[in-house]
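We count residues from 1, following the sequence as given.
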Amino acid sequence: MRLKLAQASMALSLLLPFYFMVAALGVKFDLWSWRVGLLTLILQVGLPLFGLSLILGLVALVASLVRTPRTGWKMALVGLLIPLLGLGYAGALRQGSGDVPPIHDVTTDIADPPAFSAAVMAARAAVDANPVNSMSAPMGSLEAYKGPEFSAISAKTLGEVGRGAYPDLRPLSLPAEPSKVAAAAVEEAKAQGWTLVTTDPAAGVIEATAETFWFGFEDDVAIRVRPSPTGGSIVDVRSTSRVGLSDLGANAKRIEAFLAGLKARMAAD
């Protein structure tokens, strides 16, 4: 009986990673919606399975050690360690989410952010994506942030919340002329693995869609290159998630990586 319990514990714990992978990749490959994959398969079903695996692993380990012969304790230990590692990972994510505000739209220029084209807005509307709000809109005026849990940021604008969280997210100044910088921006967007939507280097306008690996969540990116009053060019970027309330800092990291890559690309040229 103890051996079978240990075997069941290990089998369940080994199946858990595959279950979560299937739940996430099913969204990516359009087998089901992100709500089904994230809210149902992972949160409603996956988390209870996770808890069951943890309890079963602990019971199996104790049962295999309290009496001789101590058979199956290694399998039980595996059955306990895998959900414990998962718990540690979930805890790290939770702690990380507490360090960033619950927003999903950031830009380098909160006073005059790059605008998305009609084509991008139509694509967002087709999938019932998050609204693209004004950076000057008070958080308390936005439908998604009207709950009491957002009272600490309700009086601030969307732009102010983003700037407070990511103070180093600023426009990039480059000495090259705008058309050359815009052409390099197109190449850097490709290097980042984004899908290009609009490429108009002459107008200094580039739009792209970035996709996350596991769930295939899509975020829209608008890049604007303009002449600098002092010569050279100024590059601004806006990255906005289509789904979800908090991006866990992903949009800001995306912009930072793009600007760093563009700066290095221009320096190499």
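- In the hydrophobic clustering of ILVMFWY residues, with side-chain heavy atoms under 4.5 Å counting as a link, V27 and F213 come out together.
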Next item on the list: Take T40 and W32, measure what side-chain contact (heavy atoms from CB on, under 4.5 Å) needs, and give me the verdict at the end.
Entry: CA-CA 11 Å; T40 302; W32 42 73; over 6 Å; no
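- The backbone N or O of P69 lies less than 3.5 Å from a partner atom in the side chain of R2, making a donor-acceptor pair.
- In this structure, the ring-ring contact (aromatic ring centres under 6.0 Å, His included) partners of F217, at least two apart in sequence or on a different chain, are F215.
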Extract all donor-acceptor atom pairs below 3.5 Å that involve side chains of residues 78-86 and protein atoms in other chains or at least two apart in sequence.
none

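- Hydrophobic clustering (ILVMFWY, side-chain heavy atoms < 4.5 Å, transitive): L172 and V186 are in one cluster.
- Note that CG of N133 is 11.5 Å distant from OG1 of T157, once rounded to the nearest 0.5 Å.
- Paired with R238 under the rule side-chain contact (heavy atoms from CB on, under 4.5 Å), one option of D105, V221, D109 passes, and it is D105.
- Linking Ile, Leu, Val, Met, Phe, Trp and Tyr whenever their side-chain heavy atoms come within less than 4.5 Å puts L54 and L61 in one cluster.
- Counting only residues at least two apart or in different chains, salt bridge (Lys or Arg N to Asp or Glu O under 4.0 Å) contacts with residues 5-31 comprise K28-E211.
- In this structure E187 satisfies the salt bridge (charged side-chain N to carboxylate O under 4.0 Å, His left out) test together with K190, sequence neighbours excluded.
- Every pair passing salt bridge (Lys or Arg N to Asp or Glu O under 4.0 Å) that includes a residue from residues 126-154 is listed here, sequence neighbours excluded: E143-K146.
- Nearest heavy atoms, A184 versus M266: CB-SD, 3.4 Å.
- Taken together through direct or relayed side-chain contacts under 4.5 Å among Ile, Leu, Val, Met, Phe, Trp and Tyr, F50 and W214 form part of one hydrophobic cluster.
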Atom pairs and distances, donor-acceptor, side-chain atoms in residues 12-25, under 3.5 Å, two or more places apart:
| from | atom 1 | to | atom 2 | distance (Å) |
| --- | --- | --- | --- | --- |
| S13 | OG | S9 | O | 3.3 |
| S13 | OG | M10 | O | 2.8 |
| Y19 | OH | L41 | O | 2.6 |

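- No path of Ile, Leu, Val, Met, Phe, Trp and Tyr side chains, each step under 4.5 Å between heavy atoms, connects W194 with V127, placing them in separate hydrophobic clusters.
- Using a distance-only test at 3.5 Å, with no hydrogens or angles considered, a donor-acceptor pair links the side chain of E207 to the main chain of S117.
- What you find for G204 and A182 is that their closest heavy atoms are CA-CB, 4.2 Å.
- Of the inter-residue distances, the one linking M75 atom CE with Q7 atom CD reads 4.5 Å to the nearest 0.5 angstrom.
- Heavy atoms only, all atoms of each residue included: F258 and A185 are closest at CE1-O, 3.6 Å.
- For the atom pair OG1 (T107) and CG (N251), the distance works out to 10.5 Å, reported to the nearest 0.5 Å.
- Every pair tested for side-chain hydrogen bond (donor to acceptor under 3.5 Å, both in side chains) that includes a residue from residues 49-75 fails, sequence neighbours excluded, so the list is empty.
- Side-chain N/O atoms of N130 and S241 include no donor and acceptor closer than 3.5 Å.
- V205 forms part of no hydrophobic cluster, judged by ILVMFWY side-chain heavy-atom separations under 4.5 Å.
- For the atom pair I223 CD1 and L262 CG, the distance stands at 8.0 Å (nearest 0.5 Å).
- When every heavy atom of M135 is checked against every heavy atom of P113, the shortest pair comes out as CG-CG, 4.0 Å.
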Checklist line | Audit row: D220, M121, side-chain contact (heavy atoms from CB on, under 4.5 Å) steps and yes/no | finding: CA-CA 9 Å; D220 293 304; M121 295 302 292; over 6 Å; no
Next item on the list: Step by step, work out the side-chain contact (heavy atoms from CB on, under 4.5 Å) result for I255 and Y166.
Entry: CA-CA 11 Å; I255 293 175; Y166 314 109; over 6 Å; no
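- Residue pairs meeting the salt bridge (Lys or Arg N to Asp or Glu O under 4.0 Å) criterion with at least one member in residues 160-186, sequence neighbours excluded, do not occur.
- In this view, F150 and Y145 satisfy the ring-ring contact (aromatic ring centres under 6.0 Å, His included) rule, not counting sequence neighbours.
- To the nearest 0.5 angstrom, T212 atom OG1 is 8.5 Å from E218 atom CD.
- Applying the ring-ring contact (aromatic ring centres under 6.0 Å, His included) test to W34 and every residue at least two apart in sequence or in another chain returns nothing.
- Between D112 atom CG and R226 atom CZ the span is 5.0 Å, to the nearest 0.5 Å.
- Residues A183 and P201 share a closest heavy-atom pair of N-CB, 4.1 Å.
- Sequence neighbours left out, not one pair with a member in residues 32-56 passes salt bridge (Lys or Arg N to Asp or Glu O under 4.0 Å).
- In terms of heavy-atom proximity, S233 sits nearest to V181 at OG-CG2, 3.7 Å.
- Under 3.5 Å, the side chains of T108 and D236 contain a donor-acceptor pair of N or O atoms.
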Next item on the list: I would like to know whether I103 and M139 meet side-chain contact (heavy atoms from CB on, under 4.5 Å); could you show each step before the answer?
Entry: CA-CA 10 Å; I103 59 174; M139 298 295 292; 3.8 Å; yes
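- A heavy-atom distance below 4.5 Å is found between the side chains of R242 and T209.
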